[in-house]
Amino acid sequence: MATYQFIIDKIREIYSEPEKYIPLHTPLFIGNEKKYLEECIDSTFVSSVGKFVDIFEAKIAEYTGSARAVACVNGTNALHIALKLAGVEHSDEVITQPLTFIATVNAISYCGATPLFIDVDRKTMGLSPAALEAFLSLETVMKADGCYNKSTKKRIKACVPMHTFGHPCRIDEISLICEKHKIELIEDAAESIGSFYKGKHTGTFGKIGVLSFNGNKIITTGGGGMLLFNDEELARRAKHLTTQAKITHPWNFVHDEIGYNYRMPNINAALGVAQIENLDLYIGKKRLLAKTYEEFFQSEKISFFTEPENCVSNYWLNVILFESEDSRDQFLNESNSQGVMTRPVWRLMNKLKMFENCQKGSLANSEWLEERVVNIPSSAKF
Ligand SMILES: Cc1ncc(COP(=O)(O)O)c(C=O)c1O
């Protein structure tokens, strides 16, 4: 009998699946998806022109309370554009957390900038305001054009906290610290659509926020991302940059800078419009599932990660924490070998060979979490 059989059995009971494979997260298509896709195909506007992109952007802006939203091919591209719009240049540094998905750090690298790793909080799994403030006040100096790292002599242009697995980090404190040190705040809210901090949607605290609609997220466009703006002019710049920097004209092809083909196709947006109609329903179901897990794990040695203070979380991927790396690995082996998909958190970014020489603060909390965190099946259950 497996040591963690009782957890595996509970997950099978929750999903009413005594035998079949249980994935970590599956998309749901229970609304107008086929209708809108058919409409899109019938119109022949499946690519870079069509009404669904505008509708999807407007719906996301309304839902998140942003002034404007700009749709992209995926969240990674959206992060790249966000950093460019924040003015990140070659040889700048960008602060982020080591406990994140590779896309956050890849986007920094696409700009020719270097990531600088600051620890997370154990209670949020997101960037720690205390660690950020400590690093900035001790290790940087202010110059006319911004904040400079004393040891590397490089400019720290931006900071990218991430709302891990949908749980908001302490973003208002981070925002104040960034403001004080003249560092642009870009929120990686790829995992946190429908998550709110003190009543405000994640991704709307900084200069720009980024969402992802990859197939593993709560709502999907197949592949897709979104930039969130409070500044309309910046949003217009984003639209221009993501559309090959083409000057709008009825028939002329003129481009006024090096742009990107990052615009979301209409067919993906059609899917997104149908998906967002059910977002609140899905989140409600996911929060119920989290409650079931929370009650179950109360009686066990393994702890269930609950939404941080002042937050309403979408509980994208549920998290349990083991006492040690050995017990974590035992559970991962037992659950995956029995067809219940579970995953450890990402290898810390500072441990990957591309980023092992990047500067970092003390990463004790990130390391602590890396050894213990496991994601368990989290699909909304009907
Ligand atoms: C934290 C984080 N940032 C960025 C991304 C990138 O999004 P995409 O897969 O849409 O490129 C993802 C997810 O996929 C993510 O989890």
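One-based numbering, in listed order, for ligands and for the atoms of each. Because the structure is predicted, anything quoted here is derived from the model rather than measured.
Checked against a 3.5 angstrom limit, the closest N/O atoms of N216 and ligand 1 fall outside it. In terms of polar-atom proximity, defined here as any N/O pair under 3.5 Å, W346 makes no such contact with ligand 1. Residue T100 places no N or O, backbone or side chain, under 3.5 Å from any N or O of ligand 1.
Heavy-atom contacts of G224 reach the following atoms of ligand 1: 10 (O) (cutoff under 4.0 Å). Close approach of ligand 1 to A190 is summarised as follows: ligand atoms under 4.0 Å from at least one heavy atom of the residue are 2 (C), 3 (N), 4 (C), 5 (C), 12 (C), 15 (C). Near M162, with a cut-off below 4.0 Å to any heavy atom, the atoms of ligand 1 are 1 (C).
The shortest contact between atom 12 (C) of ligand 1 and any protein heavy atom is with F101 CD2, 3.5 Å. Atom 16 (O) of ligand 1 has E191 OE2, 2.6 Å as its closest protein atom, hydrogens excluded (heavy atom only). With hydrogens left out, the protein atom closest to atom 3 (N) of ligand 1 is D188 OD2, 2.8 Å, a heavy atom. In terms of protein heavy-atom proximity, atom 14 (O) of ligand 1 is nearest to K217 NZ, 2.8 Å.
Scanning for side-chain contact (heavy atoms from CB on, under 4.5 Å) contacts around R12 gives E17, I22, V340, with sequence neighbours left out.
A distance below 6.0 Å separates the ring centres of F56 and F213. In summary, the aromatic rings of F165 and W346 are positioned with their centroids under 6.0 Å apart. Taking the six-membered ring for Trp, Y4 and F322 have ring centres closer than 6.0 Å. The aromatic ring centroids of Y315 and H167 lie less than 6.0 Å from each other.
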* Are N149 and T140 close enough, and set up right, to give a side-chain hydrogen bond (donor to acceptor under 3.5 Å, both in side chains), and what steps lead you there? -> CA-CA 5 Å; N149 187 333; T140 65; over 6 Å; no
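The aromatic rings of Y110 and H80 sit perpendicular to each other, their planes meeting at more than 60°, with 30° as the lower class boundary.
Salt-bridge annotation for R328 and E323: absent, with no side-chain N of the basic residue lying under 4.0 Å from a carboxylate O of the acidic one.
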Review item, side-chain donor-acceptor pairs of residues 176-184, under 3.5 Å, at least two apart:
from: K180; atom 1: NZ; to: E133; atom 2: OE1; distance (Å): 3.4
from: K180; atom 1: NZ; to: E133; atom 2: OE2; distance (Å): 3.0
from: E184; atom 1: OE2; to: K207; atom 2: NZ; distance (Å): 3.4

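When G75, C72, A103 are ranked by how near their heavy atoms come to atom 10 (O) of ligand 1, first place goes to G75.
Not a single heavy atom of A78 sits less than 4.0 Å from an atom of ligand 1.
With a heavy-atom cut-off of 4.0 Å, T76 touches ligand 1 through backbone and side chain alike.
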